[in-house]
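Here is the naming used below: chain letters follow the sequence lines, and residue numbers restart at 1 for every chain. Keep in mind that this is a model prediction, so the values were computed, not measured.
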Amino acid sequence: MSNPLSIYNSLSRQKEVFEPLHPPFAGMYVCGPTVYSNAHLGHARPAITFDLLFRYLTHLGYQVRYVRNITDVGHLENDADEGEDKIVKTARLQNLEPMEVVQKYMNTFHRNMDQLNTLKPSIEPRASGHIIEQQELVRQLLRKGFAYEINGSVYFDVEKYNRKYKYGKLSGRILEDLMANTRELEGQDEKRNPFDFALWKKAAPGHLMKWPSDWSDGYPGWHLECSAMSIKYLGEVFDIHGGGMDLQFPHHECEIAQSTAALGKESVRYWVHNNMITINGQKMARSLGNFITLDQIFRGDHPLLEQAFSPMTVRFFILQAHYRSTLDFSNEALIAAGKGYQRLMKAVETLGNLKPSAASTVDIEDLSEKCALAMNDDLNTPILISHLFDGVKIINSVNDGTEKIDDKGIEALRKLFDDYVFKILGLRDETQDSKTDDLAEELMKIIIDLRGEARTRKDFTTSDRIRDELKKAGVTIKDTKDGVKWERG
RNA sequence: GGUCGGUUGGCCGAGUGGCUAGGCAUCGGUCUGCAAAACCGGGUACGGCGGUUCGAAUCCGCCACCGACCUCCA
């Protein structure tokens, strides 16, 4: 690794060289979804961003343990006692068991993630399966005096924590400012301070998801599962914690407070946050109601969609922006991404058939170095992709005969594309999916032969009619110097 | 109101002091019976106003606009 990977650490607000605690191992924890409704485009961003990081760390030779949780306990609807657990709420609305809701949307999430070609995490722990660990963490915090129990609920004492450690370091918040700005909530007198947060909540009568504990029949607080499960599977101190920028405060800030208070030390070494996908300049979120689910995108089944977009188009679209920038959704942008992706895939196909020359006029080694530099610079995939398109130009030029490449060059170029396009960017050639149809192949051969005969007769009326009709049916004919080719679309 | 980030060509989106980002769209050319694809070439840009500098999209200041977080959120 001549030039090391640098990654932006939200904690220090700068790029830092990535050096894992225990090389060659690297640990990464990423906040997964709360499964109470269908995954939308916004969920694709962290999934793909951290899939990219997972893939790249693996490519660099690290043995990565990638933990991504499933939140299946639900959070309160709002910061009031009468707030309702979102999973419970959905369960009641759909007349389902809470765990039925969880299962249903978890299944959809997994299917969508497979469609987007994200690798499965090494461990995918569920909050409901780690109630004991969470309770143990609560006890630890009580023992150390950073938590207090009242009416069967346990809260984290932020003010006390702030006196010993500094609360707000990740999000740049200052406790005094928070105190000044937090509005008073009626009937919220359980907490000593409004910014204290629940570690354990006593369940209201009739509440469906609850577990026995030292304090009450209840359920764990909003931020506890990530602390408990990351410590369990990655250790008290681990390398990377990822998630969406919107989780920075309060979720990750509270995680830091809990873990630090319980362990007496910082747990996370690199905090990595992806930015949001916006729509008309505004964050796409379930709570804002401006979201498009992944299934809707794949099917083209949403009023804002002019057409369907394939999973790889979505993946490419996301990778064409840097993960820390906002990315604005529009049909135009998706269409452009889809075409760019197609062009990349066609070049990969061409690369497979390239003929070597004795000498080479192109420099693959230089290209390869540029690609590595781009990735090492905080996973700069837009730059990487721009270099890959330089590769596309090389491939097509060699194919056209305007450039030449030798055996070694072809081998290097194939390795480069295999590594970066497929292994690291995690793209899949879905243009091949439709070409495995034997019957279509046979039929097309017959049609192309007939059209060829017409062309030999110079009967262009007939040959053009065949081409036009096929175009209408979604098949494009191309008369190349290597013979007639066809493709869908 | 507080904290943080952004404003780049027709669209998306990189870049951080001088050196073509890239994709899509568009225009011209080559190739082709014509297309398509590919290749070659062209045009269009850095929110506004000042300042620093030999030189700024890039640094500094002010202003305008947009957004994120401050309540669950990827």
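Pairs engaging residues 35-55 of chain A under the ring-ring contact (aromatic ring centres under 6.0 Å, His included) rule: A:His40-A:His43, A:His40-A:Phe291, A:Phe54-A:Tyr66 [sequence neighbours left out].
Among the atoms of the strands shown, only primed sugar atoms or phosphate atoms (P, OP1, OP2) are found under 4.0 Å from some heavy atom of A:Ala321. Heavy atoms of A:Gly42 sit under 4.0 angstrom from at least one base atom. Among the protein residues, A:Ser287 comes within range of the nucleic acid bases, having at least one heavy atom under 4.0 Å from a base atom. Here A:Ile477 lies in heavy-atom contact (under 4.0 Å) with a base. Heavy atoms of A:Arg173 sit under 4.0 angstrom from at least one base atom. No contact: A:Ile174 has no heavy atom under 4.0 Å from any strand. Backbone-only contact: A:Asn396 has heavy atoms under 4.0 Å from sugar-phosphate atoms and none from a base.
Rounded to whole Å, the separation between the C1' atoms of B:C65 and B:G51 comes to 23 Å. To the nearest whole angstrom, the two C1' atoms, one in B:G50 and one in B:A64, are 15 Å apart. Rounded to whole Å, the separation between the P atoms of B:U20 and B:G41 comes to 13 Å. Nucleotides B:G47 and B:U8 place their P atoms 7 Å apart, quoted to the nearest Å. Comparing the same atom, C1', in B:C46 and in B:U58 gives a spacing of 10 Å after rounding to whole Å. For B:G48 and B:G42, the C1' atoms lie 31 Å apart once the distance is rounded to whole Å. Comparing the same atom, P, in B:A57 and in B:A21 gives a spacing of 13 Å after rounding to whole Å. The C1' atoms of B:G43 and B:U26 are separated by 9 Å, rounded to the nearest whole Å.
Using a cut-off of 4.0 Å between Lys/Arg side-chain N and Asp/Glu carboxylate O, A:Arg451 and A:Asp479 are scored as salt-bridged. A salt bridge is absent between A:Lys15 and A:Asp378; no separation between the charged side-chain nitrogens and carboxylate oxygens falls under 4.0 Å. Electrostatic pairing of A:Lys201 and A:Asp85 does not count as a salt bridge here, judged by no charged N lying under 4.0 Å from a carboxylate O. Look at A:Asp468 and A:Lys472 and you find no salt bridge, because none of the NZ, NE, NH1 or NH2 atoms lies under 4.0 Å from a carboxylate O.
A donor-acceptor contact under 3.5 Å is not formed by the side chain of A:Asn399 with the base of B:C39.
Residue A:Ser325 places at least one side-chain N or O under 4.0 Å from the OP1 or OP2 atom of B:A14. Of the side-chain N and O atoms in A:Asn380, one or more sit less than 4.0 angstrom from OP1 or OP2 of B:G15.
Across the protein-nucleic acid pair, A:Leu354 atom CG and B:A38 atom P stand 15 Å apart, rounded to whole Å. The separation between A:Asp400 atom CG and B:A36 atom C1' is 14 Å, rounded to whole Å. To the nearest angstrom, P of B:U3 lies 17 Å from CG of A:Leu170. Atom CE of A:Met375 is separated from atom P of B:A14 by 15 Å (rounded to the nearest Å). In this structure, the CG atom of A:Asn280 is 20 Å from the P atom of B:C65, given to the nearest Å. Distance A:Asp328 CG to B:A68 P: 12 Å, rounded to the nearest Å. Between the C1' atom of B:U71 and the CZ atom of A:Arg286 lies a distance of 16 Å, rounded to the nearest Å. Here the C1' atom of nucleotide B:G13 and the CZ atom of A:Arg45 are 11 Å apart, to the nearest Å.
Near RNA chain B, defined here as any heavy-atom distance below 4.0 Å, the residues from residues 456-476 of chain A are A:Phe460, A:Ser463, A:Asp464, A:Arg467, A:Thr476, listed numerically.
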> What dot-bracket string describes RNA chain B from 5' to 3', counting Watson-Crick and G-U wobble pairs whose defining distances are under 3.5 Å, with [ ] for crossing pairs and | for pairs to another strand?
Replying inline: (((((((..(((.....[...))).(((((.......)))))....(((((..]....))))))))))))....
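With no hydrogens or angles considered, no side-chain donor-acceptor pair links A:Asn353 and A:Glu349 at under 3.5 Å. A:Thr476 and A:Lys471 share a donor-acceptor pair across their side chains, judged by distance under 3.5 Å alone. With 3.5 Å as the limit, one finds a donor-acceptor pair spanning the side chains of A:His130 and A:Tyr233.
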> Base, backbone or nothing for each nucleotide of nucleotides 17-24 of chain B, written B, S, -, heavy atoms under 4.0 angstrom, 5' to 3'?
Replying inline: ----BSSS
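The distance from atom CE of A:Met345 to atom CZ of A:Phe417, rounded to the nearest 0.5 Å, is 9.0 Å.
With hydrogens and angles ignored, the 3.5 Å screen pairs no side-chain donor or acceptor of A:Gln248 with any backbone N or O of A:Glu253. A distance-only check finds a donor-acceptor pair linking the side chain of A:Gln134 to the backbone of A:Ala127 [under 3.5 Å].
In this structure, the ring-ring contact (aromatic ring centres under 6.0 Å, His included) partners of A:Phe197, at least two apart in sequence or on a different chain, are A:Phe156, A:His223. In this structure, A:Asp400 has no salt bridge (Lys or Arg N to Asp or Glu O under 4.0 Å) partners at least two apart in sequence or on a different chain.
Looking only at side-chain heavy atoms (C-beta outward), A:Ile123 and A:Met229 stay at 4.5 Å or farther from each other.
If you check B:C39, B:A36, B:A68 against the side chain of A:Lys283, the one that comes closest is B:A68. Here B:G67 is the nucleotide among B:G67, B:C70, B:C39 with the atom lying nearest to any side-chain atom of A:Gln282. In the set B:C39, B:A36, B:C12, the nucleotide with an atom closest to the side chain of A:Thr402 is B:C39.
Closest-nucleotide positions on RNA chain B for A:Pro46 and A:Gln248 were compared, and the one nearer the 5' end corresponds to A:Gln248.
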